[in-house]
Protein chains: 2
Amino acid sequence: MNTSLNEARSRFLQCWGEMGSCWGINKTMAQIHALLMVHEEPLSTDEVMRELNISRGNANMNLRSLVDWGLVRRSFKKGERREYFQSEKDVWRMFCTIARERKKREIEPVITALQECLAIAGRDRDCAAFRKQVESILEFVKTADLMLGKISQQQKSRVLPLLVRLLG
Amino acid sequence: MNTSLNEARSRFLQCWGEMGSCWGINKTMAQIHALLMVHEEPLSTDEVMRELNISRGNANMNLRSLVDWGLVRRSFKKGERREYFQSEKDVWRMFCTIARERKKREIEPVITALQECLAIAGRDRDCAAFRKQVESILEFVKTADLMLGKISQQQKSRVLPLLVRLLG
DNA sequence: TCGTACTTTCAGAAAGAACTGAAAGTATGA
DNA sequence: TCATACTTTCAGTTCTTTCTGAAAGTACGA
């Protein structure tokens, strides 16, 4: 098999794994995702284990997480009991999926927590400065949340013109 | 001192620390940042150590990181040798600073790495599918990079109208 | 130049996250 | 019902990151 393709692939897996770590995503999960992204054909758990040199438990757990995130689909070959996994390939749809999940898992809980902070603080005069700061953070996070929600519902083609306007 | 304010503060520190972890930021660093955000007055290393119950080394290291990120400024009180630290309070400016830093530290290196992947792969026919996928990822990351760069240069007042259009 | 009041560094310790692999669980077809 | 071919779980281990605290470094005024 083409050596430079192999080398390029493994460079890509490494890159994607590191990027994941930066953004709070398990490195192996990111690498499995990368692996599936650059394979047209669905891969089995055993193939993933072999390609990344990881244990069955690890492969299974991270494949499941990817399915939970909606980035990877289980797929079956007729006449085979074994399950295969296939990644979403379209980058914009991947982005939308990730945005929706992080919104739900991470941003919305922060909004709730900040609202709790304000509720706990109450309205005493000596809380005024604290309230003001937390309120402005909350407002920002809410706007970001709303925006992420809207953007991740759009077709890519509808977002591009806005970007052009912004970048122009 | 007002108990509910204390409770609200510590809830806020906890919340910000957890959020940091989600996004690949050291929890203690995020908590120090939170602590400084809700204090009008600059705090000394010893005050930070006391409030968060952490060691001198830890406090020193994370305060330095925050200064490196440009989120916190050193400040001095006249007649005192000790240094104090003060956080940027404006949320939009905080966001811009973080965006610029992550762009520089994390996004630009990914662009370079992806370009390397393409260079390694070369133009053989059996690389075509790989190239196509990596190219579309690269295009997306470049657009995100460009956009983050533009947005984080804007005044908040110039971004809001765009959001309104988008959200409408 | 020395003593004081601080800041920085870093080797080792602790905590936390991720991983392994064997055992248990499950589905299928004969 | 059983054997087979898989998937899932989880207790224990390994790896990574973060933290500690004492020692070294630095700056200043007397």
Side-chain angles (χ1 to χ4, degrees), chain A residues 13-36 42-69 71-86 102 105-106, chain B residues 13-14 16-36 41-69 72-86 105-106:
Chain A
L13 300 194
Q14 191 202 333
C15 162
W16 212 242
E18 279 167 18
M19 198 214 45
S21 305
C22 281
W23 296 85
I25 288 153
N26 176 316
K27 187 180 137 219
T28 302
M29 179 169 151
Q31 287 186 332
I32 296 179
H33 184 216
L35 181 66
L36 295 177
L43 299 183
S44 68
T45 302
D46 290 74
E47 286 164 325
V48 171
M49 286 166 64
R50 196 168 341 112
E51 292 272 349
L52 295 176
N53 235 298
I54 59 176
S55 71
R56 187 168 298 285
N58 195 9
N60 182 70
M61 186 181 55
N62 284 297
L63 281 165
R64 181 151 41 78
S65 293
L66 284 164
V67 172
D68 285 351
W69 274 72
L71 292 166
V72 163
R73 288 194 311 282
R74 291 173 199 273
S75 93
F76 297 91
K77 294 190 181 174
K78 57 181 181 243
E80 277 202 67
R81 189 180 298 177
R82 184 190 300 255
E83 39 185 19
Y84 287 81
F85 298 89
Q86 186 168 34
R102 296 204 90 147
R105 298 174 185 220
E106 292 157 14
Chain B
L13 301 194
Q14 192 203 332
W16 213 242
E18 279 166 17
M19 198 214 45
S21 305
C22 282
W23 295 85
I25 288 153
N26 177 315
K27 187 181 138 219
T28 302
M29 179 168 151
Q31 287 186 331
I32 297 178
H33 184 217
L35 181 66
L36 295 177
E41 294 302 308
L43 298 183
S44 68
T45 303
D46 289 75
E47 286 163 325
V48 171
M49 286 165 62
R50 196 166 344 111
E51 292 271 350
L52 295 176
N53 236 297
I54 59 176
S55 71
R56 186 169 300 284
N58 196 8
N60 181 71
M61 187 180 54
N62 283 298
L63 281 165
R64 181 150 42 77
S65 294
L66 285 164
V67 172
D68 285 350
W69 274 73
V72 163
R73 288 197 312 283
R74 291 173 199 273
S75 95
F76 297 90
K77 294 190 182 174
K78 57 179 181 245
E80 278 202 66
R81 189 180 297 176
R82 183 189 303 253
E83 40 185 18
Y84 287 81
F85 298 89
Q86 186 168 34
R105 297 174 185 220
E106 292 157 13

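Every chain is numbered from 1 and lettered A, B, ... according to where its sequence line falls, protein lines coming before strand lines. Everything numeric in this text was worked out from a predicted model, so none of it was measured.
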Check the phosphate of [N] against [X], side-chain N and O only, distance under 4.0 Å to OP1 or OP2. Yes or no?
| X | N | answer |
| --- | --- | --- |
| B:Asn58 | D:dG21 | no |
| B:Arg64 | C:dT9 | yes |
| A:Asn60 | D:dT7 | no |
| B:Arg82 | C:dC6 | yes |

**Nearest-nucleotide pick for B:Arg81, side chain only, options being D:dC19, C:dA18, C:dA5** =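 Of D:dC19, C:dA18, C:dA5, C:dA5 is nearest to the side chain of B:Arg81.
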
**Item:** Nucleotide of C:dT7, D:dC19, C:dT20 approaching B:Ser55 most closely (side-chain heavy atoms)
**Value:**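 From the listed options, D:dC19 comes nearest.
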
Could you tell me the separation between the [atom1] atom of [X] and the [atom2] atom of [N], rounded to a whole number of Å?
| X | N | atom1 | atom2 | answer |
| --- | --- | --- | --- | --- |
| A:Met61 | D:dC10 | CE | P | 13 Å |
| A:Ile32 | C:dC19 | CD1 | P | 9 Å |
| B:Phe76 | C:dA5 | CZ | C1' | 14 Å |
| B:Asn53 | C:dA14 | CG | P | 17 Å |
| A:Ile54 | D:dT13 | CD1 | C1' | 17 Å |
| B:Arg56 | C:dA5 | CZ | C1' | 11 Å |
| A:Glu80 | D:dT7 | CD | P | 10 Å |
| A:Lys77 | D:dA5 | NZ | P | 18 Å |

**Prompt:** With side chains defined as the heavy atoms from C-beta onward, is the minimum distance between B:Arg74 and B:Phe85 less than 4.5 Å?
**Reply:**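 Contact flag for B:Arg74/B:Phe85 side chains = yes.
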
**Side chain to side chain, B:Glu41 and B:Tyr84, heavy atoms closer than 4.5 Å** =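 In short, these two side chains do not touch, never coming nearer than 4.5 Å.
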
**Message:** Set out, in order, the CA-CA distance, both residues' side-chain angles and the distance that settles side-chain contact (heavy atoms from CB on, under 4.5 Å) for B:Trp69 and B:Met29, then state yes or no.
**Reply:** CA-CA 11 Å; B:Trp69 274 73; B:Met29 179 168 151; 3.6 Å; yes

**Message:** Set out, in order, the CA-CA distance, both residues' side-chain angles and the distance that settles side chain to side chain donor-acceptor pair (under 3.5 Å) for A:Glu18 and A:Ser21, then state yes or no.
**Reply:** CA-CA 5 Å; A:Glu18 279 167 18; A:Ser21 305; over 6 Å; no

**Prompt:** Taking the nucleotide of DNA chain D with the closest heavy atom to each, which residue, B:Thr28 or A:Thr45, is nearer the 5' end?
**Reply:**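 It is A:Thr45 whose nearest nucleotide is closer to the 5' end.
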
**Pairwise 5' ranking along DNA chain D for A:Glu83 and A:Lys27, keeping only the more 5' one** =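 Closest to the 5' end, via its nearest nucleotide, is A:Glu83.
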
**Prompt:** Closest heavy-atom contact between A:Trp16 and A:Ala30?
**Reply:**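 Taking every non-hydrogen atom into account, CD1-O, 3.3 Å.
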
